[in-house]
S.K.: 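Let me begin by handing over the structure; questions about it come next.
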Amino acid sequence: MCSEPSPGRTARPGRPRSAEADAAILLATRQALVELGWSKLTMGDVATRAGVAKTTLYRRWAGKNELVVDAVAVLFDELELPDLGSLAADVEGVVLQFASILERPETKTALMAVVAESTRDDALRGRIRSAIVDRQKRLVLIGRERAQVRGELPYEDDAAASARHADLIFDVVAGAVVHRALVSAEPVDREWAREFTLLICTGLQTPTPL
């Protein structure tokens, strides 16, 4: 996973990339963020922690912004949509997975740092969208397709409308879980996940007005 360039990352010439080195660098980045915070984090510090030369980092990432986004992105790449036999069970399962990832100190610190910094940096905001948001929208597409095959959701003939609905579903689920876990600092436990899932599925199964 880590050995291939993330979407939005430009491949650079040189020696073949090492999956082990990438993993060590991204782990070191998250650890440094927890200990030092965004403002004190430097490429040199990450290189020292990862046991690589600073030039190795710059061959892979142009700067701190790109590096931190990718360090966060690999955490969310762990998310998988379980196939539990129903739309509700699948949604509840991925919500609980997502919440578990957000509970990690490294995730909290890294995600909040890049989001805060992106308010002043359009390029960083675009990288977050391509490396994290767009990659995780695959879960919505997979879940919706499964539900359509089961007959739980209707197929959509309008491709543009279908894409808008997928974006909306992602925004609602991701936004609610992040807000609950990181902004309100309330638990995303099974009871909350079940009630939230019921609300989402009720909305999805209600025909959208033309």
Side-chain angles (χ1 to χ4, degrees), residues 1-2 5-10 12 22-50 52 54 56-79 94-140 164 166-189 192-193 196 200:
M1 174 173 63
C2 297
S6 303
R9 182 190 298 170
T10 301
R12 299 187 180 202
D22 276 10
I25 291 166
L26 296 177
L27 175 60
T29 302
R30 295 190 297 270
Q31 291 173 338
L33 270 171
V34 172
E35 294 179 25
L36 303 175
W38 177 279
S39 62
K40 294 182 180 179
L41 176 70
T42 67
M43 298 288 273
D45 183 74
V46 171
T48 299
R49 288 169 184 261
V52 300
K54 190 159 66 171
T56 300
L57 265 68
Y58 282 108
R59 280 199 300 269
R60 290 159 163 77
W61 294 276
K64 182 169 77 172
N65 289 1
E66 291 185 0
L67 175 59
V68 173
V69 171
D70 284 1
V72 178
V74 297
L75 295 176
F76 294 121
D77 283 343
E78 296 176 18
L79 278 170
V94 80
V95 164
L96 290 172
Q97 275 188 56
F98 186 27
S100 178
I101 291 174
L102 290 176
E103 286 178 359
R104 302 180 194 175
E106 59 182 0
T107 313
K108 291 180 184 179
T109 304
L111 182 60
M112 296 295 273
V114 295
V115 170
E117 190 66 20
S118 72
T119 62
R120 301 183 291 272
D121 187 331
D122 290 341
L124 178 58
R125 190 179 304 120
R127 190 168 182 83
I128 292 171
R129 185 166 52 249
S130 63
I132 300 176
V133 175
D134 290 347
R135 278 186 6 207
Q136 297 314 316
K137 281 181 183 175
R138 64 188 168 81
L139 301 176
V140 172
R164 289 196 304 271
D167 286 349
L168 181 58
I169 295 165
F170 179 87
D171 290 344
V172 169
V173 174
V177 177
V178 169
H179 190 280
R180 174 83 177 177
L182 301 186
V183 180
S184 297
E186 296 287 348
V188 180
D189 53 22
W192 185 89
F196 175 69
I200 290 294

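Computed from heavy atoms alone, side chains included, the values below leave out hydrogens, waters and symmetry copies.
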S.K.: Would a 4.5 Å heavy-atom cut-off, applied to side chains only, mark V173 and F196 as touching?
M.R.: yes

S.K.: At their closest point, which heavy atom of D77 faces which heavy atom of R138, and how far apart are they?
M.R.: O-NH2, 3.8 Å

S.K.: At their closest point, which heavy atom of I200 faces which heavy atom of V172, and how far apart are they?
M.R.: CD1-CG1, 3.3 Å

S.K.: Supply the atom-to-atom distance I169 CD1 to L139 CG, rounded to the nearest 0.5 angstrom.
M.R.: 12.0 Å

S.K.: Side chains of R129 and D134, heavy atoms from C-beta outward: is any pair under 4.5 Å?
M.R.: yes

S.K.: For R127, run the side-chain contact (heavy atoms from CB on, under 4.5 Å) check against I132, D70, N65, V68 and tell me which one passes.
M.R.: D70

S.K.: Which pair of heavy atoms, one from W38 and one from K64, lies closest together, and at what distance?
M.R.: O-NZ, 2.7 Å

S.K.: Under 4.0 Å between a side-chain nitrogen and a carboxylate oxygen: does that hold for D122 and R125?
M.R.: yes

S.K.: Looking only at non-hydrogen atoms, find the nearest pair between A131 and A73 and report the distance.
M.R.: O-CB, 3.5 Å

S.K.: Once rounded to the nearest 0.5 Å, what's the spacing between atom CE of M112 and atom CG of L33?
M.R.: 13.0 Å

S.K.: Is any side-chain heavy atom of Y58 less than 4.5 Å from a side-chain heavy atom of L67?
M.R.: no

S.K.: Which heavy atom of L124 sits nearest a heavy atom of S118, and at what distance?
M.R.: CD2-N, 3.6 Å

S.K.: Are R180 and P187 packed together at the side-chain level, in the sense that at least one heavy-atom pair is separated by less than 4.5 angstrom?
M.R.: yes

S.K.: For residues 105-115, which residue pairs qualify under side-chain hydrogen bond (donor to acceptor under 3.5 Å, both in side chains), counting only residues two or more places apart or in two chains?
M.R.: R30-E106

S.K.: Hey, does L26 have a side-chain heavy atom less than 4.5 Å from the side chain of W61?
M.R.: yes

S.K.: Taking all non-hydrogen atoms of both residues into account, name the closest pair between W192 and D189 and its distance.
M.R.: N-OD1, 2.9 Å

S.K.: Just by distance, do the side chain of E78 and the backbone of I101 share a donor-acceptor pair under 3.5 Å?
M.R.: no

S.K.: Supply the atom-to-atom distance I25 CD1 to T56 OG1, rounded to the nearest 0.5 angstrom.
M.R.: 6.5 Å

S.K.: In Å, rounded to the nearest 0.5 Å, how long is the span from CD of E35 to CZ of R49?
M.R.: 4.0 Å

S.K.: For the atom pair CD (Q97) and CG (L102), what is the distance rounded to the nearest 0.5 Å?
M.R.: 11.5 Å

S.K.: Report yes or no: does S100 contribute a side-chain atom to a donor-acceptor pair with the main-chain N or O of L96 at less than 3.5 Å?
M.R.: no

